[in-house]
Amino acid sequence: MSSTVGQVIKCKAAVAWEAGKPLVIEEVEVAPPQANEVRLKILFTSLCHTDVYFWEAKGQTPMFPRIFGHEAGGIVESVGEGVTELQPGDHVLPVFTGECGECRHCKSEESNMCDLLRINTDRGVMISDGKTRFSKNGQPIYHFVGTSTFSEYTVVHVGCVAKINPAAPLDKVCVLSCGICTGLGATLNVAKPPKGSSVAIFGLGAVGLAAAEGARIAGAARIIGVDLNSSRFEEAKKFGVNEFVNPKDHNKPVQEVIAELTDGGVDRSVECTGSIQAMISAFECVHDGWGVAVLVGVPNKDDAFKTHPVNFLNERTLKGTFYGNYKPRSDLPSVVEKYMNKELELEKFITHTVSFSEINKAFDYMLKGQSIRCIIRMED
Ligand code: NAD
Ligand code: ZN
Ligand code: ZN
């Protein structure tokens, strides 16, 4: 047994002291895991837009000092009381939303929206005692979405930890903790395009590219990428996108452009933009009789979805999904296996790698729109 079990660990963490200010690598104290918690040694983490939004804290409640980070791969260092399904040494992916296994959602085959551990961006503490496990000189440092992976060690609820194949390279599969599974699952689990079908993907950021990867894996014949930024198109080709539409290049609604291209509409569409206009277009561009549209993007607070009800009567279906409908603990191991058996390609999502001391570079790449995923290596 490691000598750190039950002890406070001092380690490096990238602390956000103030909104929008560069993270500072600090020595922090990480308390041992309490009941139903595990302490993880993080080996690789990656940056997602959600970290950046909450770090900028423009529309969100500011909560600082805070340790961000929610896509990561690591190894269990120690487990708290009552934890039986994980042990020190297990290879794991922490996830921002959990699976308690007991609630109605966890018991439903259809849902992944756990009552107990569903994402909560306003909570900066552990649910068991309302306290943080991070501190510096006695000052508590807040958690982020229950994961806080920009730290060499972190404490996570056991329901937010997926145990995976120890042979899987953590520097690649760490990206499955959030964005990539969100897009991939939106297509594979929710849109379910038949082989040979046509799929429109709205928004070619990390999530949209993962949705396209899902369409490629499903064997879709036509994968139409829709983005306002044509510079996204070249990269998207690697993800199986084989046709492109920029709504700005046309003087009619993009749903009409797509209907003309596809003899009445696509079989499936997946919206990964967060734009309400794109959401409506994604729905209205599916074929009547069988078309299914899936919304993934997070809209603005005051947005409202407006379409004519006859679009539904004509047998179009509109769905939405959270985290690609994956249940973190039950389903992530099999997504990792998809990568291991070369069905799913992850390398093409990884555009940059930096060391932990250079973590602010990862923010720069994302803010400049240069990266899909930047991996942060915790050990030099
Ligand atoms: P991103 O900003 O990297 O990519 C979005 C892309 O959409 C950009 O390329 C942009 O040019 C394009 N776009 C914007 N408006 C458009 C429009 N009207 N028509 C066509 N293209 C348009 O974002 P991302 O990280 O890929 O995330 C995409 C969305 O998914 C965000 O809204 C994010 O909050 C959301 N998300 C949802 C979940 C979930 O579980 N539902 C999880 C993670 C992220
Ligand atoms: Zn649950
Ligand atoms: Zn994310």
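Numbering of ligands and ligand atoms starts at 1, following listing order. Side-chain atoms are counted along with the backbone in the values below, which use heavy atoms only and exclude waters and symmetry mates.
Annotation: the span from E343 atom CD to E213 atom CD amounts to 9.5 Å, rounded to 0.5 Å. Rounding to the nearest 0.5 Å places OG of S148 at 7.5 Å from CZ of R66. In this structure, CZ on F150 lies 8.5 Å from CZ on F356, to the nearest 0.5 angstrom.
No side-chain donor from either of T149 and T147 sits under 3.5 Å from a side-chain acceptor of the other.
In this structure, D171 and R377 have side chains that are not in contact, with every pair of non-hydrogen atoms separated by 4.5 Å or more. Side-chain contact between M340 and E337: present, with at least one pair of heavy atoms (C-beta onward) separated by less than 4.5 Å.
A salt bridge links E260 with K252: at least one charged nitrogen is closer than 4.0 Å to a carboxylate oxygen. Look at K41 and E379 and you find a salt bridge, because one of the NZ, NE, NH1 or NH2 atoms lies within 4.0 Å of a carboxylate O, short of that distance.
Angle SG(C106) to the Zn ion (ligand 2) to SG(C114), rounded to 10°: 110°.
None of F54, Y323, F68 except one satisfies the ring pair (Phe, Tyr, Trp, His ring centres under 6.0 Å) rule with F96; the exception is Y323.
Take a cut-off of 2.8 Å around the Zn ion (ligand 3): the protein N, O or S atoms inside it are C48 SG, H70 NE2, C178 SG.
Taking 2.8 Å as the threshold, H105 does not count as a candidate ligand of the Zn ion (ligand 2), since none of its N, O or S atoms lies below it.
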Protein N/O near ligand 1 N/O, under 3.5 Å, which pairs?
unit_1	atom_1	unit_2	atom_2	d
ligand 1	3 (O)	H49	ND1	3.4
ligand 1	9 (O)	D227	OD1	3.4
ligand 1	9 (O)	D227	OD2	2.6
ligand 1	11 (O)	D227	OD1	2.6
ligand 1	18 (N)	S275	OG	3.2
ligand 1	25 (O)	H49	ND1	3.0
ligand 1	26 (O)	A206	N	3.2
ligand 1	26 (O)	V207	N	3.0
ligand 1	32 (O)	V298	N	3.0
ligand 1	40 (O)	Y323	N	2.9
ligand 1	41 (N)	V296	O	2.8
ligand 1	41 (N)	T321	O	3.2

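By the neighbour-count criterion of 12 heavy atoms within 6.0 Å, atom NZ of K348 is densely surrounded, having more than that number from other residues, nucleotides or ligands.
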